[in-house]
Number of protein chains: 2
Amino acid sequence: MSYKAITLKKRPETVISEDLFDVVELNQPDLLDGQVLVKLSHLSLDPAMRGWMSPDENSYIPPVKLGDVMRASGVGDIVESKNEQFPVGTRVMGLMGLTEYAVSDGSNLNIVPKEIPQEAILSVVALPGVTAYHGLFEVLKPQKGQTIAITAAAGSVGSLVGQMAKNLGLTVIGVAGTNEKCQWLTEELGFDHALNYKADDFQNQLTNASSNGIDLFFENTGGTAQAPIFNAMNAHGRIAVCGLIAEYNKTEASAGPSWVGIIKKRLNIQGFTMPDHFHKFPEYGKALGQMLMKGELKYRAHTLEGINSATSGINLLFSGENKGKLIVKL
Amino acid sequence: MSYKAITLKKRPETVISEDLFDVVELNQPDLLDGQVLVKLSHLSLDPAMRGWMSPDENSYIPPVKLGDVMRASGVGDIVESKNEQFPVGTRVMGLMGLTEYAVSDGSNLNIVPKEIPQEAILSVVALPGVTAYHGLFEVLKPQKGQTIAITAAAGSVGSLVGQMAKNLGLTVIGVAGTNEKCQWLTEELGFDHALNYKADDFQNQLTNASSNGIDLFFENTGGTAQAPIFNAMNAHGRIAVCGLIAEYNKTEASAGPSWVGIIKKRLNIQGFTMPDHFHKFPEYGKALGQMLMKGELKYRAHTLEGINSATSGINLLFSGENKGKLIVKL
């Protein structure tokens, strides 16, 4: 049996283009003892993939080797098994790559319940969910009554951060790049404020929305919104630096704010990436699954069809054109 | 009886000049019940005084009012007392201002032992010491074997941070602005490396000194040295932002480093100022006093004579011309 997969042909200079990838036909290898064959049904396209495509000695995870299947999360069902822990029919998620089938020894797989739709798994319980959960609870340590600002607030991570913060009793300010996304944040997700950073009067809108200042800042973008939010931080404010999607495709990243504000306001700034916290995934996943089942977390998936759609589809994340969690349905 | 004091006449625009101050003659008021009269013997000139001279809604402590005695730490002896806790002859330190005599109800005073010279009190146990202690132990959380970089390393705070870190088994890189200071750091204080940030090959010197990267960064200056040290940080590095003396006299503070490094290296950056941690002063003071008595902490005092010397002397901190803790002996 042969199947399709997407390999990394070239590394990006600035933007990601289709010609960086090859769509290849692979032959299914025979399973060794302990291995399983997963038939993927849904692949996840995430901003973190940009980092995995570029070699960087400081990065938290080795880059994908040229010619290897591109790294990505996915959900699928076990269709052949030589591993007792993963019988045929088990549904799993994990970093299985942009591929229709994956062979695994199980070490990169988590079993997930079939009651939760696969798109909800990838949107809420998988990487976006654990990232939102860790950044909010472990880094920002929110307290009822505080004000939180979130960039890329309509993105897969930001939308979950805002909903969890709202459920805790915080005032939630979301920043996004289209009016449609802002409307979704306030009308569907219950954010207190949603501001379009492309608006001419963004600074005024932010000043009005943050009349009590900003205590917590969940940073996903960099770019235009960073300085105004930074300048509105309250004393003892906390900043979680989760992503800087506006910076990744630049040849030279923008400077950050002066550190004078860091002293005057005694700010805490913490960068984080989830591979450091892999051991917490089961705990976070359980908590997120419970919130999802209780109806406390809404999501929307932006679904592409067929594995070939991944090579151009990933760019929707960087242009901001995706509406919700970007998923490829196979 | 009348005595001299220095009041704040004008607020600084950029640099501090003598004409911002008035030297005034004050008459000693009669003591009320609970009050004491302190005869100051030594006044402390500290970089924090720059912030106390300027109104800033974000500052951690209200600015000195125009016409009031300028805020400053000092050491003195009780010469009259209507307070049982502070009998005549007791030696005290505290924020008593730039003055020859101070009246106090005791709430701003700490009793200090007479066995420790007054200059050692102000250099090690007072504000510089508690700042160094808090920043190193509570913010940076050092571990044996790590490498720490310290700016303004020959200053009153930096020199103590480096000595305490060295005593814990860290590799210590000090950055200072003259070769004489660098020599003092390595030859007298036992720093592993001391680099002059004004040297043409500072970047190369830093690269050589930090061959294992930098785990901890105690930032006192901003300016030239900040970016090279930031770029040399290791993953999971910690940065304590204690002071930015190169920035305070500028009309517009310099930009900071891009936040991309904060994510890639999962850095933690914490600004701090000591008034937030006032309740820890007795604990820190005790620990510092013990280190001092054991000979684990060396210091050098740059001593000016007479209260009038304070108005021009404070500028030595900003030009970097002071050699050691700047003190006015009365």
Side-chain angles (χ1 to χ4, degrees), chain A residues 47-48 50-51 54 56-61 134-135 139 151 213 217 219-223 226-227 230-248 250 252-277, chain B residues 47-48 50-51 54 56-61 134-135 139 151 213 217 219-223 226-227 230-248 250 252-277:
Chain A
R50 177 67 176 75
S54 302
D56 182 335
E57 59 183 317
N58 295 314
S59 196
Y60 50 88
I61 191 170
H134 180 86
V139 180
T151 50
F217 175 14
E219 168 64 299
N220 285 309
T221 61
Q226 185 179 81
F230 183 85
N231 292 335
M233 294 296 295
N234 286 329
H236 303 288
R238 301 179 67 83
I239 300 175
V241 190
C242 173
L244 293 167
I245 201 162
E247 305 295 336
Y248 299 146
K250 290 182 185 169
E252 189 163 2
S254 311
S258 159
W259 283 14
V260 170
I262 297 177
I263 294 190
K264 284 200 175 160
K265 301 179 181 177
R266 295 85 91 202
L267 300 179
N268 184 276
I269 304 175
Q270 174 75 60
F272 75 102
T273 58
M274 291 314 295
D276 287 338
H277 310 285
Chain B
R50 177 68 176 77
S54 302
D56 182 336
E57 59 183 318
N58 296 314
S59 195
Y60 49 89
I61 190 169
H134 181 85
V139 179
T151 50
F217 176 15
E219 169 63 299
N220 284 310
T221 62
Q226 185 179 81
F230 183 85
N231 292 334
M233 294 298 294
N234 286 330
H236 302 289
R238 300 179 67 83
I239 300 175
V241 190
C242 173
L244 294 167
I245 202 162
E247 305 294 335
Y248 297 147
K250 290 182 185 169
E252 191 163 0
S254 310
S258 159
W259 284 12
V260 169
I262 297 177
I263 294 190
K264 284 199 175 161
K265 301 179 182 177
R266 294 85 90 204
L267 300 179
N268 185 276
I269 305 175
Q270 174 74 60
F272 75 101
T273 57
M274 290 313 294
D276 287 338
H277 310 285

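Letters A, B, ... mirror the listed sequences (proteins, then strands); counts begin at 1. Since the structure is predicted, the reported quantities are computational estimates derived from the model, not experimental observations.
- By number of non-hydrogen pairs under 4.5 angstrom with chain A, the leading residue of Ala227(B), Ala253(B), Gly213(B) is Ala253(B).
- When all heavy atoms of Ala255(A) and Ala255(B) are compared, the pair lying nearest together is CB-CB, 3.8 Å.
- Listed options His236(A), Arg238(A), Glu252(A), Glu247(A) were ranked by heavy-atom pairs under 4.5 angstrom with chain B; first place goes to His236(A).
- Minimum interatomic distance between Arg266(A) and Gln270(B) (heavy atoms only, all atoms of both residues): O-NE2, 3.5 Å.
- Top candidate by heavy-atom pairs under 4.5 Å with chain A, chosen from Cys242(B), Gly256(B), Gly261(B), is Gly256(B).
- Remark: Leu244(A) CG to Ile263(B) CD1 distance equals 4.0 Å, nearest 0.5 Å.
- Per-residue heavy-atom pair counts under 4.5 Å with chain B were compared for Pro257(A), Gly243(A), Gly222(A), Ser254(A), and the maximum is reached by Pro257(A).
- Atoms CD and CH2, on Gln226(A) and Trp259(B) in that order, are 4.5 Å from each other to the nearest 0.5 Å.
- With chain A as partner, the option from Val139(B), Ile262(B), Ile239(B) having the largest number of non-hydrogen pairs under 4.5 angstrom is Ile262(B).
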